[in-house]
Asker: 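I'd like to ask some things about the structure below.
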Amino acid sequence: MAYAGSAAVRTALLLVVWWALTEGDPGAAGFGLGAAVLVALVSLRFFPPAAPHPRLAATLAFAGYFLLRSMVAGVDVARRLLSPRLPLRPGYLTYTTALAEGRPRWLLANALSLLPGTLSVTLRGDELELHCLDTSLPVHEDVARAEHWIARMFAG
Amino acid sequence: MSWLLDGLLIVSLLVTAVAVLLSRDLFRAVVMFMAFGLLMALAWVRLQAPDIALAEAAIGAGLTGVLLLDAVSHFQRGRLREQPPGEEG
Amino acid sequence: MSDTLLLVLQALLLVTGCLFFAVGTLGLFRLPDTLTRIHALTKADNLGLGLIVMGLLPAVAGPATAAKILLIWLVALAASATAAHLVGRALRAMEDGDDGSGP
Amino acid sequence: MTLLDAVATILLVLLLLGLVRIWRGPAPADRMLASQLFGTTGVALLLVLAESQGQPALRDVALVLALLAVLATVAFVTRVLRIARADSAGEHPDV
């Protein structure tokens, strides 16, 4: 049953991607439907549905948070670069994450690379090593907030 | 305005091509070649040939770059990161 | 009236996007080491790309084309986050005295 | 539309400045970073050109470029820096 649901969701997502890639060309829709169903079935074989499903509302909330913060990140970098004194205090910081193994941790590591002041360097088990632009900032709190949003995404 | 774009493309194509040939550091030559591939793709775009641009971006800038990187890593294994800074070819 | 407003907004977004790309390139020259350069490049360039995408959206033909542009932006975002992480990890591994030649 | 052309020209100039970083290095990672700049700026440039020249096919070129830019970085990290064998254990188990 979970398989059928996953297959339907993946087919729908692939159809949206196909629709975007062909720029809505109706002549290609038939191929798209066939390809989407086929790829969804094959993907189920290689990537069986994992236990924590991302929840839609929380995913959108995280996406909003991420977009806002990545804009802050760009502005922050620009501000530092354009100021003549070049205010930087680079350094490493190790963060122990409470997120579950697999997708949540991987998402946190990748998202942090685009959030202000952090760049994820290594991920070993639950130890996430970050490179920070300015170690005097409350980086730890920022990371904890991003982690909180991701945790809500995969909750339940 | 577009003559400026085309002129810049022509000059940069020549510059990158010469840079690839003159660079004595092989890795630098490969990265320059990848840059040349992207600029070549842009030149095809300006010549109204998006299909060739697609092939150039995929093969010239992408796959050939990867193959050449592989070749370079076989040539100078382990020596790459110890180059003295500011060395000019 | 609202058409002019849209055009002004579009021009503003495109120009700001260019500015952020300029900052990314500037970072490539002003910053002292490779890791900080990765910071500047990924963040500034992605914001620049995002702004340019937003600036292009009102001009495109239909919703499917808009979706395609957004899809390309997402791919570029994921690609640059992954690339930044990979280069950072490689540099860190070399700092630890592992010259990478492997066992 | 001349604004789009102007934007494209500025992006090309910024991209060409990246060439200087590729030439000067000094570390291989710096050169690779400049080529990553080529990827992002190239995608933006192609999207702008697709609009200004009215050629939707250029968006496909941008997509291919975005996908292959990361391929080059992966090749660089695994082949040139060769960290894959040194610490592949336990990282990103599901990717």
Side-chain angles (χ1 to χ4, degrees), chain B residues 1-2 4-9 11-12 15-16 19 22-23 25 27-28 30-32 34-39 41-42 44-46 48-59 61-63 65-74 76-78 80-89, chain D residues 2-13 15-16 18-19 21-35 37-39 41-42 45-46 49-50 52-53 55-82:
Chain B
M1 205 63 204
S2 62
L4 185 58
L5 194 70
D6 294 342
L8 273 173
L9 262 180
V11 172
S12 59
V15 167
T16 42
L22 289 186
S23 173
D25 177 352
F27 178 72
R28 174 165 66 189
V30 171
V31 180
M32 271 291 177
M34 284 155 69
F36 175 83
L38 174 63
L39 291 170
L42 287 174
W44 288 121
V45 164
R46 293 299 297 163
Q48 314 278 329
D51 44 350
I52 308 181
L54 188 68
E56 178 66 42
I59 300 169
L63 297 181
V66 172
L67 291 177
L68 288 175
L69 276 179
D70 202 17
V72 164
S73 78
H74 280 290
Q76 25 181 255
R77 187 171 303 168
L80 271 170
R81 67 192 186 88
E82 284 147 28
Q83 290 156 28
E87 175 222 358
E88 297 292 312
Chain D
T2 50
L3 172 70
L4 287 176
D5 281 342
V7 168
T9 312
I10 293 171
L11 287 177
L12 183 62
V13 169
L15 199 139
L16 295 180
L19 283 177
R21 183 41 85 190
I22 294 183
W23 182 262
R24 293 220 320 237
D30 289 315
R31 305 190 206 281
M32 213 54 224
L33 221 58
S35 104
L37 168 95
F38 266 59
T41 318
L45 186 50
L46 283 167
L49 281 179
S52 93
Q53 298 189 12
Q55 285 179 324
L58 295 188
R59 300 202 183 94
D60 294 318
V61 184
L63 189 62
V64 166
L65 192 68
L67 286 172
L68 286 179
V70 79
L71 196 71
T73 310
V74 171
F76 166 72
V77 168
T78 55
R79 307 267 162 72
V80 180
L81 292 179
R82 288 193 185 267

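This structure is a prediction, so every number in the text was calculated from the model and none was measured. Convention: sequence-line order gives letters A, B, ...; per-chain numbering from 1.
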Asker: Taking side chain as everything from C-beta outward and backbone as N, CA, C, O, which of these in B:M32 sits under 4.5 Å from a heavy atom of chain D? Side chain, backbone, both or neither.
Answerer: both
Asker: Is chain B contacted by the side chain of D:L19, its backbone, both, or neither, given a heavy-atom distance below 4.5 Å?
Answerer: both
Asker: Name the member of B:V31, B:D51, B:L63 that forms the most heavy-atom pairs with chain D at distances under 4.5 Å.
Answerer: B:V31
Asker: Under 4.5 Å heavy-atom distance to chain D, tell me which part of B:E56 shows up: side chain, backbone, both or neither.
Answerer: neither
Asker: How far apart are the closest heavy atoms of B:A53 and D:V61, and which atoms are they?
Answerer: O-CG1, 4.1 Å
Asker: At a heavy-atom separation under 4.5 Å, does D:L63 approach chain B through its side chain, its backbone, both, or neither?
Answerer: neither
Asker: Ignoring hydrogens, what is the shortest heavy-atom contact between B:A35 and D:I22? Give both atom names and the distance.
Answerer: CB-CD1, 4.3 Å
Asker: Between D:R31 and B:F27, is there a side-chain heavy-atom distance shorter than 4.5 Å?
Answerer: yes
Asker: Are D:L45 and B:V45 packed together at the side-chain level, in the sense that at least one heavy-atom pair is separated by less than 4.5 angstrom?
Answerer: no
Asker: Closest heavy-atom contact between D:V64 and B:A58?
Answerer: CG1-CB, 3.9 Å
Asker: Do D:L15 and B:L39 come close enough that some side-chain heavy atom pair is under 4.5 Å?
Answerer: yes
Asker: Between D:A72 and B:V66, what is the shortest heavy-atom contact and its length?
Answerer: CA-CG2, 4.2 Å
Asker: Minimum heavy-atom separation for B:A19 and D:W23, please, with both atom names.
Answerer: O-CZ3, 3.7 Å
Asker: Checking heavy atoms, do the side chain of D:L49, its backbone, both or neither come under 4.5 Å from chain B?
Answerer: side chain
Asker: For B:L42 and D:L12, run side-chain contact (heavy atoms from CB on, under 4.5 Å): C-alpha distance rounded to whole Å, both residues' side-chain angles, the deciding distance at 0.1 Å, then the answer.
Answerer: CA-CA 10 Å; B:L42 287 174; D:L12 183 62; 4.2 Å; yes
Asker: Among the options B:L9, B:V30, B:L38, pick out the one with the most heavy-atom pairs lying under 4.5 Å from chain D.
Answerer: B:L38
Asker: Given a strict heavy-atom distance threshold of 4.5 Å, which part of D:L65 is in contact with chain B: side chain, backbone, both, or neither?
Answerer: side chain
